Q: 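Before anything else, here's the structure in question.
Lettering of chains follows the sequences in order, A, B, ..., and the numbering in each one begins at 1. In this text the structure is predicted, and so the values were computed from the model without any measurement. Only this structure's heavy atoms are used, side chains among them; waters, hydrogens and symmetry mates stay out.
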Amino acid sequence: MPELPEVETIKLGLQGQVVGQTIKKIEVLTPKSFQGDPRNVNGQKISNVFRRAKMLGVELGNSWIVLFHLKMTGQIILVSNRARFVGGHPTSDIQGEMPNNSTRVIFELDNGSKIYFNDQRKFGWVKAISSKLIANSFNSLGPEPLEETFTLDVFKSQLQKRKNTPVKVVIMDQTVVAGVGNIYACEALFMANILPTRRIKDLTPKEVSKLHQAIVDVLTLGIKHGGSSRSHYVNSEGKKGHFLDFAFVYNRSGESCRTCQEVINKTVVGGRGTFFCRFCQR
DNA sequence: CACTTGACCTGTCCGC
DNA sequence: TGCGGACAGGTCAAGT
């Protein structure tokens, strides 16, 4: 899915637009994509929008929460009552008409705006969950990497949970650190000059420290560029993110390294496509 | 227990 | 053009 920077970008886009609005109607087009009782959502006022790991939460006045997980191809797009979408133009950065054939759930707000949950592959979900139970959804997640609590010591102790696993698999484990996925894992490892296949037990303290900083830096940079749009990701306005224009390795196999000019390689680690520079990363 | 692989879905791209 | 296979931002369950 969208990883932390993409979900954070959606959150920032929604916050100023939907807080204070009331959900007038919810329309579930694909039952698989929605869990829970729509009656807990209908007629409720939105009090807050937040992110935890790669999940987005919309808090309601009755203390229920609409929780979204976008997995690989999910989108959350807000279309204001006056918006006219421009579809089909080759240079357009914007999604076409809504709804489309991957629209799964539609929320209609009292000002006439609509929130579209689109998801081509149907891996993602939306659920209505009471705030009392939300802790259960979050309790196995690791620390939020962009919060103060994500110190080097915390990161070190989290890594201790694994020892003989490739470092890339470990930093993508949501119970170790929340929000890092395939793109940002590849990029963080490049920035820390560490090969993705290295085992945790073989990392030097200096490398662990460098990786800790690289994770924070790459996620921050991802947010700055509005996230990554390899294929499906768009923000709440339907616009693509531009982080990949600056990526060092992700999706760049065969191209030259921005640092040493050697060719970028691709392999498979933990079942996922993995990009690296064999000269910059050791 | 620690770690790896397959399944969940739909669409696109690439080679023959 | 058509067809088969590999692959795609994630996470579970089942397998070794």
Side-chain angles (χ1 to χ4, degrees), chain A residues 1-10 29-35 51-56 67-76 95-96 100-105 117-127 136-142 158-189 196-202 215 218-219 221-223 225-235 239-247 249-254 266-275:
Chain A
M1 110 192 186
E3 308 178 32
L4 184 152
E6 290 73 37
V7 182
E8 182 70 14
T9 302
I10 293 171
L29 307 180
T30 306
K32 179 187 197 301
S33 302
F34 185 88
Q35 300 157 29
R51 179 192 58 74
R52 176 74 171 103
K54 303 173 187 174
M55 287 172 276
L56 182 108
L67 196 63
F68 295 78
H69 199 309
L70 278 47
K71 295 290 178 82
M72 303 283 262
T73 57
Q75 302 174 323
I76 299 170
Q95 291 288 292
N100 60 32
N101 58 3
S102 68
T103 299
R104 309 299 174 196
V105 184
F117 174 68
N118 299 336
D119 185 18
Q120 177 184 98
R121 292 173 73 178
K122 302 180 193 170
F123 289 173
W125 45 255
V126 185
K127 59 174 97 171
N136 297 336
S137 302
F138 294 163
N139 65 7
S140 65
L141 292 170
Q158 287 295 93
L159 292 185
Q160 300 312 312
K161 301 204 282 193
R162 301 295 202 68
K163 49 179 188 165
N164 204 33
T165 309
V167 57
K168 177 171 179 252
V169 172
V170 176
I171 62 173
M172 287 177 65
D173 182 338
Q174 301 302 293
T175 71
V176 171
V177 50
V180 178
N182 203 28
I183 294 178
Y184 296 96
C186 289
E187 293 298 311
L189 288 164
T197 46
R198 293 274 302 284
R199 310 275 149 167
I200 293 295
K201 63 174 164 44
D202 298 328
I215 288 171
V218 77
L219 295 173
L221 197 60
I223 294 169
H225 292 298
S228 304
S229 294
R230 176 181 186 163
S231 54
H232 289 78
Y233 171 73
V234 290
N235 66 18
K239 296 180 183 170
K240 293 174 185 263
H242 300 286
F243 173 77
L244 288 181
D245 296 344
F246 307 92
V249 288
Y250 185 80
N251 212 23
R252 297 193 69 242
S253 50
K266 183 180 184 184
T267 182
V268 175
V269 178
R272 312 295 303 278
T274 299
F275 303 86

Q: If you take all heavy atoms of A:S229 and A:L244, which pair is closest and at what distance?
A: C-CD1, 4.2 Å
Q: Could you verify whether a donor N or O on one side chain and an acceptor N or O on the other, from A:E3 and A:Y233, lie under 3.5 Å apart?
A: no
Q: Regarding A:T103 and A:N118, do their side chains bring together a donor and an acceptor under 3.5 Å, going by distance alone?
A: yes
Q: Rounded off to whole Å, could you give me the NE2-to-C1' distance for the A:H69 and C:dC12 pair?
A: 11 Å
Q: For B:dC8, take OP1 and OP2 only and decide whether either is under 4.0 Å from a side-chain N or O of A:K32.
A: no
Q: In this structure, how many angstroms lie between the C1' atom of B:dT4 and the NZ atom of A:K168, rounded?
A: 14 Å
Q: Without decimals, in angstroms, what is the distance between A:L29 CG and B:dC9 C1'?
A: 17 Å
Q: Select base, sugar-phosphate, or nothing to describe what A:F243 touches, counting heavy atoms under 4.0 Å on all strands.
A: nothing
Q: Side chains of A:K122 and A:T30 only: does a donor on one sit below 3.5 Å from an acceptor on the other?
A: no
Q: At a cut-off of 3.5 Å, list every protein nitrogen or oxygen paired with a nitrogen or oxygen from nucleotides 11-14 of chain B, distance to 0.1 Å.
A:
| from | atom 1 | to | atom 2 | distance (Å) |
| --- | --- | --- | --- | --- |
| B:dG11 | O4' | A:Q120 | OE1 | 3.1 |

Q: Taking B:dC9 as the reference, what is the distance to C:dA14 when you measure between their P atoms (whole Å, please)?
A: 15 Å
Q: Just wondering, are more than 12 heavy atoms of other shown residues or ligands nearer than 6.0 Å to NZ in A:K201?
A: yes
Q: Compare the aromatic ring of A:F123 with the six-membered base ring of B:dC9 and state whether they stack according to the 5.5 Å and 30° rule.
A: no
Q: A:F138 has an atom CZ; how far is it from atom P of C:dT11, in whole Å?
A: 13 Å
Q: Looking only at side chains, do A:K266 and A:N251 share a donor and an acceptor under 3.5 Å apart?
A: no
Q: Just to be sure I understand the rule, does A:D119 reach a base, reach only the sugar-phosphate, or reach nothing, if contact means heavy atoms closer than 4.0 Å?
A: nothing
Q: Relative to the 5' end of DNA chain C, which residue comes earlier, A:R121 or A:Q174, by the nucleotide with the nearest heavy atom?
A: A:R121
Q: Tell me: NZ of A:K163 to P of B:dC1, nearest whole Å?
A: 14 Å
Q: Does the side chain of A:S231 get closer than 4.0 angstrom to OP1 or OP2 of C:dA8 through an N or O atom?
A: no
Q: Given B:dC9, C:dT11, B:dT4, which nucleotide is nearest the side-chain atoms of A:K122?
A: B:dC9
Q: Counting any heavy atom closer than 4.0 Å, what does A:R162 reach on the DNA or RNA strands: base, sugar-phosphate only, or nothing?
A: sugar-phosphate
Q: Pick base, sugar-phosphate or nothing for A:G271, based on heavy-atom distances below 4.0 Å to the nucleic acid.
A: nothing
Q: In the structure I gave you, are the side-chain heavy atoms of A:I171 and A:L189 within less than 4.5 Å of one another anywhere?
A: yes
Q: Atom CG of A:N118 to atom P of B:dC9: distance rounded to whole Å?
A: 18 Å
Q: Let's test this: given Watson-Crick or G-U wobble pairing with both distances under 3.5 Å, identify the partner of B:dC9.
A: none
Q: Compare the minimum distances between each of C:dT11, B:dT4, C:dC7 and the side chain of A:K266, then state the nucleotide with the smallest one.
A: C:dC7
Q: What integer distance in Å separates A:R272:CZ from B:dT5:C1'?
A: 13 Å
Q: Using a 4.0 Å heavy-atom cut-off across all strands, classify A:G227 as base, sugar-phosphate, or nothing.
A: nothing
Q: Would the distance check show the side chain of A:Q174 and the main-chain N or O of A:V180 forming a donor-acceptor pair, the cut-off being under 3.5 Å?
A: yes
Q: Whole Å only: how far is the CZ atom of A:F117 from the C1' atom of B:dC9?
A: 13 Å
